[in-house]
Q: 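The structure that follows is given in the form of structure tokens.
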Amino acid sequence: MSLRHAVLGLIVEVPGCSGYDLLKIFDLSLGHVWAATQSQVYGELAKLTADGLIEVTSEGPRGRKEYAATPAGRDELRRWLTETEPKPVSRDEGILRVFFLGTVTAERAADYLRAQAAAAGRGHEELVALENSLDWHRGGMAGYGHIALEYGKRFMAMRREWAEWAVEQLQERTEG
């Protein structure tokens, strides 16, 4: 996913946000599927403005700027949504480490997998808490955001279940 399009999409969905507002929204919503730092978001805001895809709609104290998408920005977001193929996720450091767990003791490998199961469980709990904290019947990102959140919940549940299964596999191999 392109950070450029993530920021542009948030501005289309929630016009009038400042960079700070966008960071908060990003952390609560997209942060679970695509992480971004403050400098990355602000850098992308500058590029989107320079490219004419967003504009500053107001400026406030301490340099606070609020943004809205331009017609060209809305067109670009639609083009990206409908005319480009998403790139599949191809990197997962946690799973890469699993490939090399044979270089540590079975006990340490099982500990690693248990930690992965616990982390996925915590991630699932965080998403459930987020789901319960928001009003999903309001406009904007509510409908599609909820669908994306459900993906995250199911993914975290699957990841936890897989890690627990993997620990069982290790135990069977070491006992048998």
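Quantities reported herein were computed from a predicted structural model and do not represent experimental measurements. Throughout, numbering of the chain's residues begins at 1 and tracks the sequence.
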Q: Spell out, as yes or no, whether a donor-acceptor pair under 3.5 Å connects the side chain of D75 to the backbone of A72.
A: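 Judged by distance alone, no pair lies under 3.5 Å.
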Q: To check you understand the geometry: which heavy-atom pair defines the closest contact between R74 and A69, and what is its length?
A: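 Between these two residues, the closest heavy atoms are CG-CB, 4.1 Å.
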Q: What's the separation between atom OH in Y20 and atom CD1 in I25, rounded to the nearest 0.5 Å?
A: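 The OH atom of Y20 sits 11.0 Å away from the CD1 atom of I25.
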Q: As a test of understanding, state which of H124, E126, E131, E125 forms a side-chain hydrogen bond (donor to acceptor under 3.5 Å, both in side chains) with K153.
A: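 Answer to the side-chain hydrogen bond (donor to acceptor under 3.5 Å, both in side chains) test with K153 among H124, E126, E131, E125: E131.
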Q: Could you go step by step and tell me if R154 and M158 meet the side-chain contact (heavy atoms from CB on, under 4.5 Å) rule?
A: CA-CA 6 Å; R154 291 178 187 213; M158 179 280 303; over 6 Å; no
Q: Where is the tightest heavy-atom contact between G9 and L77, given as atom of each residue plus distance?
A: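 Heavy-atom minimum between the residues: CA-CD2, 3.7 Å.
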Q: What residues form a side chain to side chain donor-acceptor pair (under 3.5 Å) with R122, not counting sequence neighbours?
A: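 Checked R122 against side chain to side chain donor-acceptor pair (under 3.5 Å); zero matches.
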Q: Is it the case that over 12 heavy atoms from other parts of the model lie below 6.0 angstrom from the CD atom of E161?
A: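 Result for CD/E161: open.
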Q: Decide yes or no on side-chain contact (heavy atoms from CB on, under 4.5 Å) for E76 and H5, but give the supporting numbers first.
A: CA-CA 8 Å; E76 170 56 19; H5 293 100; 2.7 Å; yes
Q: For G152 versus L127, what's the shortest heavy-atom pair and its separation?
A: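 Closest approach of G152 to L127, heavy atoms only: C-CD1, 3.3 Å.
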Q: Please answer whether the main-chain N or O of L53 pairs with a side-chain N or O of D51 as donor and acceptor at a distance below 3.5 Å.
A: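 No, because the side chain of D51 does not come within donor-acceptor range (under 3.5 Å) of the backbone of L53.
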Q: Going by an N to O cut-off under 4.0 Å, is there a salt bridge joining K65 and D21?
A: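 No, this pair does not count.
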Q: Using modelled atom types and a 3.5 Å cut-off, is there a donor and acceptor pairing between side-chain atoms of T70 and backbone atoms of G52?
A: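 It does hold such a pair.
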Q: Any chance you could lay out the side-chain contact (heavy atoms from CB on, under 4.5 Å) test for Y67 and V56, step after step, and finish with the verdict?
A: CA-CA 5 Å; Y67 299 89; V56 175; 3.7 Å; yes
Q: Just by modelled atom types, is the Q169 backbone N or O under 3.5 Å from a matching donor or acceptor in the E172 side chain?
A: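 No, the answer is negative, given that no donor and acceptor are paired below the 3.5 Å cut-off.
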Q: Using every non-hydrogen atom in the two residues, find where A166 and L113 come nearest and quote the distance to one decimal.
A: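 It is CB-CD1, 3.7 Å.
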Q: First locate atom CZ of R79, then atom OG1 of T84, and finally report the distance between them rounded to the nearest 0.5 Å.
A: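 Rounded to the nearest 0.5 Å, the CZ-OG1 separation comes to 6.0 Å.
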Q: Under 4.5 Å between side-chain heavy atoms, counting indirect links through other Ile/Leu/Val/Met/Phe/Trp/Tyr residues: same cluster for I147 and V128 or not?
A: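 In one cluster with I147: V128, no.
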Q: Determine whether E44 and V41 satisfy the following criterion, side-chain contact (heavy atoms from CB on, under 4.5 Å), listing intermediate values before the conclusion.
A: CA-CA 5 Å; E44 205 55 60; V41 170; 5.8 Å; no
Q: At what distance, to the nearest 0.5 angstrom, does CG of L22 lie from OH of Y42?
A: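 Between atom CG of L22 and atom OH of Y42 there are 8.0 Å.
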Q: Nearest 0.5 Å, what's the NZ-CG distance between K47 and L8?
A: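 Rounded to the nearest 0.5 Å, the NZ-CG separation comes to 14.0 Å.
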Q: What pair of heavy atoms forms the shortest contact from A36 to L3, and how long is it?
A: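 It is CB-CD1, 3.7 Å.
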Q: Measuring only between side-chain heavy atoms, which start at C-beta, is W162 closer than 4.5 Å to V98?
A: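 Yes, side chains in contact.
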Q: Between E55 and T49, is any pair of side-chain heavy atoms under 4.5 Å apart?
A: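 Sidechains of T49 and E55: no contact.
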Q: Can you measure from CZ (R160) to CZ (F155) and round to the nearest 0.5 angstrom?
A: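 One gets 12.5 Å once the value is rounded to the nearest 0.5 Å.
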Q: Who passes side chain to side chain donor-acceptor pair (under 3.5 Å) against S58, sequence neighbours left out?
A: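 Partners of S58 under the side chain to side chain donor-acceptor pair (under 3.5 Å) test: E66.
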Q: What I'd like to find out is whether the side chain of C17 reaches to under 4.5 Å of the side chain of I11, using heavy atoms alone.
A: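 No, side chains not in contact.
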Q: If every non-hydrogen atom of A68 is compared with every non-hydrogen atom of T57, which pair is closest and at what distance?
A: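 Scanning both residues, the minimum pair turns out to be CB-CG2, 3.4 Å.
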Q: If you round to the nearest 0.5 Å, how far is CG of D111 from CD of Q116?
A: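 Interatomic distance, Q116 CD to D111 CG, rounded to 0.5 Å: 12.0 Å.
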Q: Do any pairs count as a salt bridge (charged side-chain N to carboxylate O under 4.0 Å, His left out) and have a residue in residues 94-108, sequence neighbours left out, and if so which ones?
A: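 Qualifying pairs, neighbours excluded: E93-R97.
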